[in-house]
Amino acid sequence: MNINNEDQAREAIALWQTDPPRAQLKNLRFALESLELSQMYYEQKGNAAGVTRADACMAIIAARIAEIDTE
């Protein structure tokens, strides 16, 4: 699933919550890596709005990873 904004990040988390924790972590980490690459792309292009959006999505994904790690 391609995540381009905060709403899509939340939708992806909701979709993956039915999966076992290990599968969720795999999907979340993959999404986080993808968002990091997007952020680097936006930085190179000078797209501040894109960088901010990617940061917000990464924060949402990282928060869910932290929730699963503490369960």
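Counting from 1, the numbers follow the sequence of the chain as shown.
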Atom of Ala12, atom of Ile3 and distance for their closest heavy-atom approach: CB-CD1, 4.0 Å
Approximate separation, where rounding is to 0.5 Å, of Leu32 CG and Leu25 CG: 11.5 Å
Between CG on residue Asp69 and CZ on residue Arg64, distance to nearest 0.5 Å: 10.0 Å
Verdict with supporting geometry, Ile68 and Leu28, side chain to side chain contact (heavy atoms under 4.5 Å, CB included): CA-CA 10 Å; Ile68 293 170; Leu28 290 164; 3.5 Å; yes
From CZ (Arg10) to CD1 (Ile61), nearest 0.5 Å: 10.0 Å
Inter-residue atom distance Ile60.CD1 - Gln8.CD, 0.5 Å rounding: 11.0 Å
Expected output: side-chain Gln24 to main-chain Asp19 donor-acceptor under 3.5 Å: yes
Over all atoms of both residues, closest heavy-atom pair of Ala56 and Glu6: CB-OE2, 3.2 Å
Pair listing, side chain to side chain donor-acceptor pair (under 3.5 Å) test, anchored in residues 37-62, at least two apart: Gln39-Asp55
Atom pair CD1/CE of Ile65 and Met58 - distance to nearest 0.5 Å: 11.0 Å
Distance (rounded to the nearest 0.5 Å) between Leu35 CG and Met40 CE: 11.0 Å
